[in-house]
Amino acid sequence: MEANALPTDAFRRLLPALIKVVTTAQENEGPLTPQAKQALLQATNEFKDYVAFAKRLASDLPGGDLTLGEQDQVIDMLERLRDKKKWVVNFPRLRMS
């Protein structure tokens with residue numbers, strides 16, 4: 001695994017944890033018993049912990065320090081560079097036509 005790779009296992013736990021919250025909430029129609037409330041609280045806290053962990057992993061990824069404006073500038077520069085390279089590659093074909 002690369003040093004900067006995002007551990008996908010941390011994100012794979014999110015959906016099952018969310019499903020557990022929803023099923024726990026739906027299993028108990030009507031007034032919740034203390035045991036049902038405790039199960040729902042536990043499932044919700046587990047999901048919350050997984051989300052917080054996933055957010056921490058995502059925010060710690062390298063290269064995330066550019067503002068949106070700076071990201072737009074980099075994208076524009078890369079698009080101009082791409083277009084220039086396409087023009088240079090296609091220029092000999094244009095002359096021969």
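Just so it is clear, the structure is predicted and the values come from calculations on it, not from any experiment.
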Any side-chain heavy-atom pair from Asn45 and Lys48 closer than 4.5 angstrom?
yes
Any chance you could measure Glu79, atom CD, to Asp72, atom CG, to the nearest 0.5 Å?
9.5 Å
Is Gln26 reaching over with its side chain to a backbone N or O of Thr23, donor-acceptor style, under 3.5 angstrom?
no
Within the 4.5 Å heavy-atom criterion, are Arg13 and Asp9 side-chain neighbours or not?
no
Kindly check if the number of other-residue, nucleotide or ligand heavy atoms within 6.0 Å of CG (Leu78) is above 12?
yes
Among the clusters formed by ILVMFWY side chains lying less than 4.5 Å apart, do Leu32 and Leu41 turn up in the same one?
no
Is there a side-chain contact between Met77 and Arg80, using heavy atoms and a 4.5 Å cut-off?
yes
Starting at CG of Leu40, measure out to CD of Glu27 and round the result to the nearest 0.5 Å.
10.0 Å
Assigning hydrophobic clusters by single linkage (Ile, Leu, Val, Met, Phe, Trp, Tyr; side-chain heavy-atom cutoff under 4.5 Å), is Ile19 placed with Val21?
no
Taking every non-hydrogen atom, the tightest pair across Ala39 and Thr24:
C-CG2, 3.9 Å
Atom pair NZ (Lys20) and OH (Tyr50), whose distance is rounded to the nearest 0.5 Å
8.0 Å
Residue pair Leu14 / Ala54: nearest heavy atoms and the distance that separates them:
CD1-CB, 4.1 Å
Under 4.5 Å between side-chain heavy atoms, hopping through other hydrophobics if needed: is there a path connecting Leu15 to Val51?
no
Would you mind reporting whether Thr67 and Glu70 have side-chain heavy atoms less than 4.5 Å apart?
yes
